[in-house]
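Counting convention: from 1, in listed order, for ligands and their atoms alike. Along the sequence shown, residues carry numbers from 1.
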Amino acid sequence: MASGWFITLEGGEGAGKSTLIRELSARLAATGREVTTTREPGGIPIAEAIREIILHVDHTSMDPWTEALLYAAARRQHLAEKVVPALERGAAVICDRFVDSSLAYQGHARGLGIESVWNINRFATESRMPDLTLFLDLDPEIGLARLESGGRSKVDRLDLESLEFHRKVREGYRIVAGMFPERFVTLDASASPEELAEEAWRYLSKRLPGL
Ligand code: TMP
């Protein structure tokens, strides 16, 4: 049985997940524990290849169910090849996005239905869920403005979505957070990176046994 900690970060575009992951990973590593940081879709070559297909700007005709299944396929491979072995070694795995992204983006914002998307993901993950999920809650207008001012490196297909879509993503996350209160923590991502890291660390210390 896995003895590590599986921690996921969720939120809309520009919420500050990458910065927080760097900070939490440094703090966790300082406790002497092995830390694996990774992302979805991606984290390993097969899943990164699937990511290219999903996010390619030319693929605007992609059927929403195809999209949901590709995310689930990338997730399955990433889980089996990278996440589970690391947890079995006792590592802390910090993953940028997981199942909840599919529930919020495909289930709610795309309108496939959270329950239906949950069903394909239950199959893909064999119901393995994170120990703790940090949801970085932010008004999408602020998040998108942050990306613009930071000079984003690459525009992907999801970046072409409307502000309305990103508002629905946020609404979706709030619904999903209510479905899984035992593992979800909602953080105010309009705070400074330092405040956000402090708040997140407080929850990690409280929720992860032995930290
Ligand atoms: P990233 O920009 O955070 O790396 O994520 C890539 C995009 O993929 C982002 O717009 C969110 C989206 N996404 C989904 O729509 N469903 C999913 O299951 C995942 C993991 C990501």
* To do: Could you pull out all residues at least two apart from Tyr71 that satisfy ring-ring contact (aromatic ring centres under 6.0 Å, His included)?
  => none

* Would you mind listing the cluster partners of Ile142? Hydrophobic ones only (ILVMFWY), side-chain contacts under 4.5 Å, chaining allowed. => Leu138

* **Where Ala197 and Leu20 come nearest, the two heavy atoms and their spacing** => CA-CD1, 3.6 Å

* Could I get the full list of side chain to side chain donor-acceptor pair (under 3.5 Å) partners for His78, not counting sequence neighbours? => Thr38

* Asked: Near ligand 1, which residues have a heavy atom under 4.0 Å away from one of its atoms?
  -> Glu13, Lys17, Glu40, Pro41, Arg51, Leu55, Tyr71, Arg75, Arg97, Ser101, Ser102, Tyr105, Gln106, Leu158

* **Greater than 12 external heavy atoms within 6.0 Å of Phe180's CZ** => yes

* Got a salt bridge between Arg174 and Glu171, using NZ or NE/NH1/NH2 to carboxylate O under 4.0 Å? -> no

